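Remember, predicted model here, so these are calculated numbers, not experimental data.
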Amino acid sequence: MSLGVYAAAGALLLVLLRCALAQKRGVRCFLAGSVCGLGALAVLALLQPVTGVALPLTRFTAFVAAVLGVPGVAAVLVLRVILRV
C-alpha cells in the first residue's frame, strides 16, 4: 500500500478521535463503536456458510470496522455489491 493510503487512514483516525474527545463521553462511545464493528465483522464471518455473504478479513476491512463501526462494515458490504468484487 502506498504512503497516501496510510496518510488518509491516519487523518481519518485523527478526525474521529478529535470529534470523540470533544464530546462528554466520546472515547467510551468511540471504543464501543469499534468493538461493535469488529463484532459485526466476526458475526459475518461466522454466518458466512449459512448466508453466503462473505467479507474477507483484511487490513482494510479490520480498519474500517474498528474506526467506523457497524456502519463501516455495512458500507464495505454495499461497496462489494456495487463493485461486484
What residue pairs, at least two apart or across chains, pass side-chain hydrogen bond (donor to acceptor under 3.5 Å, both in side chains) with a residue in residues 60-73?
T58-T61

According to a hydrophobic-cluster definition based on side-chain heavy atoms being under 4.5 Å apart (Ile, Leu, Val, Met, Phe, Trp, Tyr only), do V70 and L68 belong together?
no

In terms of hydrophobic clustering (I, L, V, M, F, W, Y; side-chain heavy atoms under 4.5 Å; direct or indirect links), are F60 and L77 co-clustered?
yes

Counting only pairs under 3.5 Å, give me each side-chain donor-acceptor contact of residues 45-52, with atom names and distances, residues two or more places apart or in other chains.
residue: T51; atom: OG1; partner: L47; partner atom: O; Å: 3.0
residue: T51; atom: OG1; partner: V53; partner atom: N; Å: 3.3

Solution key, residues 25-37 side-chain donor-acceptor pairs under 3.5 Å, sequence neighbours excluded:
residue: S34; atom: OG; partner: F30; partner atom: O; Å: 3.1
residue: S34; atom: OG; partner: A66; partner atom: O; Å: 2.4

Report the distance from atom CG of L57 to atom CG of L38, rounding to the nearest 0.5 Å.
9.0 Å

Minimum heavy-atom separation for V64 to V76, with atom names?
CG1-CG2, 3.7 Å

